[in-house]
There are 2 protein chains.
Amino acid sequence: MSDNPSSNRRRTPIWLAIANALRNDISEGRYAPGDKLPTESRLSDRFGVNRHTVRQALSHLTEEGLVRSRRGAGSFVAATPTDYPIGKRVRFHQNLRAAGRRPDRKVLLIEQHAASKGEAAALNIQTGEMLCYYSGLSYADGQPVALFETLFPLTRLARIEAALAECDGITEALRRVGVEDYTRASTRLTAVLADATQALHLQIREGDPLLRSTALNVDPAGVPVEYGRTWFAGDRVTLTIED
Amino acid sequence: MSDNPSSNRRRTPIWLAIANALRNDISEGRYAPGDKLPTESRLSDRFGVNRHTVRQALSHLTEEGLVRSRRGAGSFVAATPTDYPIGKRVRFHQNLRAAGRRPDRKVLLIEQHAASKGEAAALNIQTGEMLCYYSGLSYADGQPVALFETLFPLTRLARIEAALAECDGITEALRRVGVEDYTRASTRLTAVLADATQALHLQIREGDPLLRSTALNVDPAGVPVEYGRTWFAGDRVTLTIED
DNA sequence: TGATAAGATATGTCTAGTTGTATAGGAAAA
DNA sequence: TTTTCCTATACAACTAGACATATCTTATCA
């Protein structure tokens, strides 16, 4: 604050002062979540320092989780971590909307294949029965939060493939094929490291930590309707376990 | 030195990750040989990167020989370097189309001359009988693959000259002059180096390897109808010998 | 039915701008 | 002297947009 960069009695390093100034700008709403910050070049002009000094400030804010930068695109104010409750009912879109955030999703692939031994066991069906494989990305406020791949038994849900392609979410698609309600039967969590493909999709770095959830959803009669795995970007989501 | 302990992870470049993902899709049969890949635009959406980054991935796969792209048309999974079966029936256009590629040809020269001693012997006719000399280039997906020069006996096929000029291929031209079918009587193969003229036509470098085929085709009665030599660009074609 | 023209798509190329990384060096503090 | 902080430069990797050019599709007309 009262530090003068040209003073030789400098208590705080220049980069820290810059980081504080930027953090202040953000907290005061001068830069809102999702906004693009000025380029490093412009910031180094504004603060009258070398670009590397600005970079150190930005890298500090990045580690704090306040800023996220994309090579070639710029630096952006990060959205706050999404709190993601896991309990009897897990509804991605509803959860996010309830938290005042804008949910979205992107379809990567929808296709059919025959159930392997493991998949059949998980869904409690016969090996070789047809499944619908559905993978995609979940976004919160335009920021990728999770990568999922999930399986639906086609013998139970014949028209799920078309429904998934047309609807905005799994809940909606399941309702269209006659599953009015479903609940979470089991959830298993582990931590893994992102491989190159996952990192690409989630816009994080290879080797960054992911939270992997393996879950089974069943209809009111207890029949499995969906079995899937989800990889959450570790720094963008907080999972909360409910009773 | 170690300003950021977590930054020592070696990161796969984005384009490489995309190339790997696509190669994986191809090897798993998601895109079969000859299939059209999604457009660069769609791929850049799917991977959440700029189109240029996708282009670098595709160009990598192209150099590997796994993908071929045609301006205005799209990118396609390569059906191996033109696999060219040599057996009883050798039909350039049909072979290429069966491999999912786009055949084309360019006429270099069509003229008449009297048979030399060697030519007469090959076609089993009298020295001095008139021949039709036909030379040109064969293309696959717009890329020159082979240079050929071939001879037709005019006493047997009077109007072949006009037919060659008008038709799209030898099979078609022969049919028009009454040869409904023909088979390969003999094929001899050697490897040679491209001279300056050949290199120019095939868009390769002088001294690059060529596969030279000397072949005789006969009609169902065993009468020679075509005797020719073909120079294949060695790196653009694989000859397969059939029974 | 077939040919042609026009429009929509898709790849190829070019220019410019932004962040990421590596290297080297100077000035002040420990 | 050594370490830390900052400057300076150069290049690599990725984004962004615009435009050129080839191809495919569709509509239209004869």
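Note that the structure is predicted; figures quoted are calculated from it, not measured. Naming convention: chains lettered A, B, ... in sequence-line order (proteins, then strands); numbering from 1 in each chain.
Between B:R30 and B:E28 there is a salt bridge, since a side-chain N of the basic residue sits under 4.0 Å from a carboxylate O of the acidic one. Using a 4.0 Å cut-off between charged side-chain N and carboxylate O, A:R68 and A:D208 make no salt bridge.
Across the protein-nucleic acid pair, B:L37 atom CG and C:dT11 atom C1' stand 13 Å apart, rounded to whole Å. Atom pair B:R42:CZ and C:dT11:P shows a separation of 12 Å (rounding to whole Å applied). The nearest whole Å value for the distance from the CZ atom in B:F76 to the P atom in D:dT23 is 11 Å. To the nearest angstrom, C1' of C:dG12 lies 16 Å from CG of B:L43. Atom P of nucleotide C:dG20 and atom CD of A:Q203 are separated by 13 Å, given to the nearest angstrom.
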In 5'-to-3' order, the base (B), backbone-only (S) or no-contact (-) status of each nucleotide in nucleotides 12-19 of chain D, using a 4.0 angstrom heavy-atom cut-off, is -BBBBB--
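Between B:C132 and B:I110, the closest side-chain pair of non-hydrogen atoms falls below 4.5 Å.
Close to C:dT9, at under 4.0 Å from its OP1 or OP2, lies no side-chain N or O of B:T39. Contact annotation: A:S69 reaches the phosphate of C:dG20 (side-chain N/O to OP1 or OP2, under 4.0 Å). One finds no side-chain N or O of A:R55 lying less than 4.0 angstrom from the OP1 or OP2 phosphate oxygen of C:dT19.
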Report, one line per pair, each donor and acceptor closer than 3.5 Å where one atom sits in a side chain of residues 193-201 of chain B; sequence neighbours left out.
{"residue": "B:D195", "atom": "OD1", "partner": "B:T197", "partner atom": "N", "Å": "3.0"}
{"residue": "B:D195", "atom": "OD1", "partner": "B:Q198", "partner atom": "N", "Å": "2.8"}
{"residue": "B:Q198", "atom": "OE1", "partner": "B:D195", "partner atom": "N", "Å": "3.1"}
{"residue": "B:H201", "atom": "ND1", "partner": "B:T197", "partner atom": "O", "Å": "3.3"}

Using a cut-off of under 3.5 Å, enumerate the N/O to N/O pairs linking the protein to nucleotides 6-8 of chain C.
none

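The two residues B:A78 and B:P33 come nearest to each other via the heavy atoms O-CB, 4.1 Å.
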